[in-house]
Amino acid sequence: GTLMAFGTSRQGSEMSELQILDVQSGKWLDDKIVGKVSLSGWMPDGRSFFYSALNNVKDPYSRETRHHLVGRLSAQDPVVVRQTVPSEIPGAGPSTDGKWLIGTLSKGWQANDLWIAPMQPWLEKGELDKTVLAEGLDGRFDPIDVIGNTLYITTSFGSPKGSVQAIDLADPARARWKTILAERRDMVLEGVSLAKDCFVTSWSKDVCSRFEVMDLAGKVLHEIALPGLGTASISTDHRREEAFVTYTSYDAPRTIYQTNVMHPKMREWARTEIPGDLSGYTVEQKRAKSKDGTEVPMFIVRRKDMPMNGDNPTLLYGYGGFNVSLTPTFNPTIVPWLDAGGVYVVANLRGGGEYGEDWHRAGMQGSKQNVFD
């Protein structure tokens, strides 16, 4: 907690630069890494981290994952994996305990390979002793973390709305994987974060966020209630029950709440102040039938006192692609439109990730026409 790696982007450039801040003094260290950089994870001693960057900023297919020791010239950083195929993007990062390197090879938005290797041989000799856990399969395999000798992952393979699997690293054959949280019919698993002795699962239910706390065996303990129909994310630490929840909706600017995952009472910690009163607006969710009969949901934002007579000017926004979900978020630029009597509508089209991998694939490639219909 003494150093923070962060990215800077000049004039909207996608070529982000990674830099390091000393949290206590507020000073930026001399370390500077260029090339569309993203952080993969700190080692537990806080002296080094793994990151991903382009080897050549003019070549978008030259991505590498490297290891950086704070204070060392980035040009001397050793490479863990490098990109060899334009359509396949490699990545790797450490487990929280620093004992394992966990790697992926992404093949589009819907599939990736997964491997794991012991950390010490790589740090000492540069030897990457990979155990391939999933390869050439049509689904996503995303690591959560390693606890003891068990790797926990989320996957869409065989469970398009997401499930959680436990892999015994002493016997990692896929036939031995244990499902600790099965796919649910009415919700999409968005992610899992590790808190002290428990997991917090993030769900999307009808395009709105929902959190549940479960033990390491997969037993659901309770829900963390949110203020309304909105979009939320949660930040946890594997050593603490304390967590921070970020929440927003069409009628709620971004607000951060502090809570305890085992006793989830939300306390406002920080709020975005805006010059206005949002209590006069309402957010509704309705559905319309598409050309082929598929029900497509939408959010409708309007003044509460507005008569719904079909004569109101309406801005309708939609986007269906790349597994991107259009979840409720505050947009201050629509406030004058609402005040003037306008209606703002966001449609959740196929091609996005709102209802899992099947919804995504129903709006891509040969099925792209569904998005426009």
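Values reported hereafter were calculated over all heavy atoms of this structure, with side chains retained and with hydrogens, waters and symmetry mates removed.
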Would you say the side-chain atoms of [X] pair up with the backbone N or O of [Y], donor to acceptor, closer than 3.5 Å?
X      : Y      : result
Asn56  : Ser62  : no
Arg267 : Tyr257 : no
Thr255 : Pro253 : yes
Ser163 : Ala182 : no
Lys368 : Ala362 : no
Ser249 : Leu229 : yes
Ser159 : Thr155 : yes
Thr236 : Ser193 : no
Thr179 : Leu181 : no

Is the shortest side-chain N to carboxylate O distance from [X] to [Y] below 4.0 Å?
X      : Y      : value
Asp168 : Arg176 : no
Lys130 : Glu135 : no
Glu284 : Arg302 : yes
Glu212 : Arg210 : yes
Asp22  : Lys27  : no
Arg350 : Asp373 : no
Arg140 : Asp142 : yes
Arg361 : Asp138 : yes
Lys161 : Glu357 : no

Are the aromatic ring centres of [X] and [Y] under 6.0 angstrom apart?
X      : Y      : answer
Trp337 : Tyr344 : no
Tyr51  : Trp42  : no
Trp177 : Tyr152 : no

Classify the angle between the aromatic ring planes of [X] and [Y] as parallel (below 30°), tilted (30 to 60°) or perpendicular (above 60°).
X      : Y      : result
Phe49  : His68  : tilted
His67  : Trp122 : perpendicular
Phe322 : Trp109 : perpendicular

| remark: Minimal heavy-atom distance between Ile144 and Val192, with the atoms involved, is CD1-CB, 3.6 Å

| said: Check this for me: Asp30, atom CG, are more than 12 non-hydrogen atoms of other residues, nucleotides or ligands nearer than 6.0 Å? | reply: no

| said: With a sphere of 6.0 Å drawn around CZ of Arg287, does it hold more than 12 non-hydrogen atoms of other residues, nucleotides or ligands? | reply: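 It does: Arg287 CZ has more than 12 such atoms within range.
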
| Does the side chain of Gln83 come under 3.5 Å of the side chain of Glu64 through a donor N or O and an acceptor N or O? |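 The answer is no; no qualifying pair exists.
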
| Sequence-distant partners of Phe372, ring pair (Phe, Tyr, Trp, His ring centres under 6.0 Å), two or more places apart | none

